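Okay, so here's the structure we're looking at.
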Number of protein chains: 2
Amino acid sequence: MVSSKDVAKYAGVSQTTVSRVLNTPERVKEPTYKKVMAAIEELNYIPDANARSLVQQKTDTIALISGPLYNPFFVETTSSIVNYANENGFKINVHFSKNENITDTYHSIFENKVDGIILSSILLEDPIFEKLEKSGIPFITYNRKHESNKNFVEMNNEQAGFLAADYLLSLGHDKICWVGGPLEISTFKGRYDGFLRAFQKNGVAVEQERVFLTDTSKKQLHETFLKMEMLEEKPTAIYAATDAIAIQMMDFYISAGYRVPEDISIIGIDNVEIGQHASINLTTVGISSSMNLGQLAIETLIDMIHEKNKPCIQITKAVRLFERKTTMSRRRV
Amino acid sequence: MVSSKDVAKYAGVSQTTVSRVLNTPERVKEPTYKKVMAAIEELNYIPDANARSLVQQKTDTIALISGPLYNPFFVETTSSIVNYANENGFKINVHFSKNENITDTYHSIFENKVDGIILSSILLEDPIFEKLEKSGIPFITYNRKHESNKNFVEMNNEQAGFLAADYLLSLGHDKICWVGGPLEISTFKGRYDGFLRAFQKNGVAVEQERVFLTDTSKKQLHETFLKMEMLEEKPTAIYAATDAIAIQMMDFYISAGYRVPEDISIIGIDNVEIGQHASINLTTVGISSSMNLGQLAIETLIDMIHEKNKPCIQITKAVRLFERKTTMSRRRV
DNA sequence: CAATAAAATGGTTACGTAACCATTTTGAGT
DNA sequence: ACTCAAAATGGTTACGTAACCATTTTATTG
């Protein structure tokens with residue numbers, strides 16, 4: 001592999017001069033500059049960013065740990081994060097969080113001496129949070145947060161949970177099934193808390209047999225669908241803790257011959273783009289901004305990287321209801 | 001930042017011994033091993049992967065240049081690529097190709113001395129291909145290829161184009177609009193060639209006013225939709241060169257009050273997962289395999305990285321029609 | 001117990017780049 | 001033409017890790 005030492009020898013100058021040609025060309029005489037550039041072209045020399053990182057103690061790299069892309073929420077946030085970071089001179093190492101190797105993922109990220117970490121993989125109680133803090137690397141969590149309540153960007157999940165449930169209850173539904181994810185995750189915990197508060201406010205009891213916790217995989221969602229089919233009193237509404245879950249439940253219900261919302265109402269949370277598609281038209285709750293949580297988080301993180309002073313970031317965006325076509329008043333027969 | 005030299009000094013051994021503890025612990029006496037590990041824990045030492053890369057002349061990193069994630073095809077391939085690579089000890093630097101900064105993207109990738117490059121951004125005629133070859137870095141293109149016909153994984157685009165058009169023609173449609181992308185891209189060129197061949201085989205003339213080339217953005221697709229609405233003889237079928245285009249055109253048509261397929265048939269190509277959703281049910285053409293092109297490409301690339309001998313990879317997967325619910329026989333009134 | 005071989009540990013250098021300091025060259029002023 | 005300051009270029013070292021070679025320690029064998 002060609003190095004700047006090779007270029008120097010070929011051009012008849014010092015390695016220092018080659019480095020100056022690339023980095024501070026104004027400090028190099030024109031004839032010398034041309035001679036070195038010709039050598040660079042001739043030898044097809046490309047500087048080594050890893051060696052540079054060693055010297056300058058920065059990598060211009062950010063590590064992203066996203067949720068899985070079968071959730072369109074993460075499709076949108078991943079796009080925003082990668083594009084914004086690239087536009088600001090950062091490379092992005094992407095990882096999709098998987099519980100079975102998250103430790104290896106974190107280890108790999110720390111070894112890479114990244115300049116920042118943006119993640120949506122943290123649990124309410126997670127020992128990694130302390131390690132993140134001790135590492136000294138600027139980091140931010142999006143769509144999730146640690147119980148310490150630091151360094152996060154999120155929507156108001158409790159408010160979202162409340163609005164969605166309150167809306168269904170206001171339509172007359174009381175046989176509502178909750179389909180969510182693990183309550184060790186702040187997103188689901190917050191939305192479930194809101195769900196409970198809405199029921200309490202409306203004086204309606206929550207029936208535990210109608211609460212389904214899943215790992216949000218298609219497989220477990222299908223099992224949940226089958227369980228709901230077996231209920232003595234079938235639900236009249238599905239409260240899905242995310243739009244991804246809602247869209248997947250729609251698939252199961254429509255495939256089974258149900259009409260949405262005539263036979264069953266379905267609501268989600270997140271307000272993902274695909275939910276606005278004319279053949280889906282998902283009623284949902286989400287933030288009003290055109291900027292998604294990933295965009296907000298990466299902009300905040302890059303500020304943190306540049307400014308080196310780390311005020312504690314705590315951003316919680318308000319939400320609102322987006323009433324579309326997958327919900328209607330409970331049919332009375 | 002704590003280095004192995006600091007650990008060595010703290011533990012009272014040499015830096016060589018610290019390196020051995022981490023890499024070949026079997027060559028270190030147990031008491032020495034324990035002493036060094038205690039120092040590592042105490043100092044919270046994390047090895048520097050960049051320095052290691054300098055020594056070992058490998059980075060365990062692969063660069064991915066994907067298409068944009070508003071195309072679900074790239075959602076699926078990005079997932080597969082990142083997950084498979086991580087499982088095989090590689091990190092992935094992700095870029096989403098944008099014409100306006102593709103040169104910077106390539107430059108950044110070369111500087112990072114990645115071990116392999118997997119890309120879906122190449123044009124039929126693209127000077128970057130020669131640079132890729134000269135770099136000596138193993139690389140593979142997926143879903144697209146260069147005119148040199150080397151180092152690619154693709155579906156048979158001409159066959160896909162033919163099958164989709166032939167199918168629409170067999171349903172009696174002859175007012176078919178093609179909505180595709182730039183023909184400088186092998187994917188669209190191949191599919192269009194197949195489209196033309198089907199028309200020729202069926203003895204039907206292609207009307208150029210019904211051929212729409214776009215950059216596949218929602219904006220230009222909407223403009224195309226408006227243009228089609230203005231046609232004297234409106235189309236009875238939309239042949240979308242990708243499922244993403246098809247799903248977007250469905251959105252426009254349904255929002256405008258049309259029923260799919262009663263009022264207009266729509267077909268796509270790629271067979272993306274969301275196309276099987278019960279409220280979309282897209283008729284499409286795609287590969288039969290459970291393994292998507294991204295999965296196939298990354299497995300092939302990692303083989304190339306490990307084996308250092310580079311037989312010229314040329315993989316073209318056969319396709320078939322998936323008849324679902326967005327197409328029906330042309331209505332005769 | 002001594003010699004020798006194996007095991008364990010240490011020292012030096014290189015990987016490529018750039019920061020820092022030194023030296024040489026060039027140009028301006030008297 | 002000489003002197004001095006500025007500009008241009010060069011030399012050395014460090015960043016952190018590991019490969020390679022050297023030295024020391026330990027264990028085995030006669």
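Per chain, numbering begins at 1; letters A, B, ... match sequence-line order. Everything numeric here is computed off the predicted structure, so don't read it as measured data.
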Distance in angstrom units between A/Asp48 CG and D/dG16 P, rounded: 17 Å
Nearest-nucleotide pick for A/Asn23, side chain only, options being C/dA18, D/dA18, C/dC21: C/dA18
Taking the six-membered ring for Trp, are B/Phe139 and B/Phe129 ring centroids under 6.0 Å apart? yes
Answer with base, sugar-phosphate or nothing: what part of the nucleic acid does B/Asn50 contact at a heavy-atom distance below 4.0 Å? nothing
Nearest to side-chain heavy atoms of B/Tyr45, which nucleotide of C/dT9, C/dA18, D/dT17: D/dT17
So does A/Ser4 get a side-chain nitrogen or oxygen closer than 4.0 Å to the phosphate oxygens (OP1/OP2) of C/dT17? yes
Quick check on B/Lys189: does its NZ atom have over 12 non-hydrogen neighbours (other residues, nucleotides or ligands) under 6.0 Å away? no
Would you indicate what A/Val18 reaches in the nucleic acid, counting non-hydrogen atoms under 4.0 angstrom: base, sugar-phosphate, or nothing? nothing
Should we count NZ of B/Lys317 as having more than 12 external heavy atoms under 6.0 Å? no
For B/Tyr33, answer base if it contacts any base atom (sugar-phosphate contacts may also be present), sugar-phosphate if it contacts only those atoms, and nothing otherwise; contact means non-hydrogen atoms under 4.0 Å. nothing
Once you apply a heavy-atom cut-off of 4.0 Å, does B/Ser53 come out as touching a base, just sugar-phosphate, or nothing? nothing
Indicate, with a heavy-atom threshold strictly under 4.0 Å, whether A/Thr16 touches base, sugar-phosphate, or nothing. base
Between D/dA8 and A/Thr17, is there an OP1 or OP2 to side-chain N/O distance shorter than 4.0 Å? no
Where the side chain of B/Lys5 is defined as all heavy atoms beyond and including C-beta, which of D/dG16, D/dA14, C/dG10 is the nearest nucleotide? D/dG16
Rounded to whole Å, how long is the line connecting atom CD of A/Glu30 with atom P of C/dT26? 16 Å
May I ask you to say what A/Gln57 touches in the nucleic acid, namely base, sugar-phosphate or nothing, with a heavy-atom cut-off under 4.0 Å? sugar-phosphate
Hey, does the side chain of B/Arg27 come within less than 4.0 Å of C/dA8's phosphate (OP1/OP2), counting only N and O? no
Which nucleotide sits closest to the side chain of A/Lys29: D/dT9, D/dT17, C/dG16? D/dT9
Check the surroundings of atom OH in B/Tyr84: do more than 12 heavy atoms from other residues, nucleotides or ligands lie under 6.0 Å from it? yes
Is the distance from OP1 or OP2 of C/dT17 to the nearest side-chain N or O of A/Gln56 less than 4.0 Å? no
Looking only at side-chain atoms of A/Leu54, point me to the closest of C/dG16, C/dT17, C/dC21. C/dG16
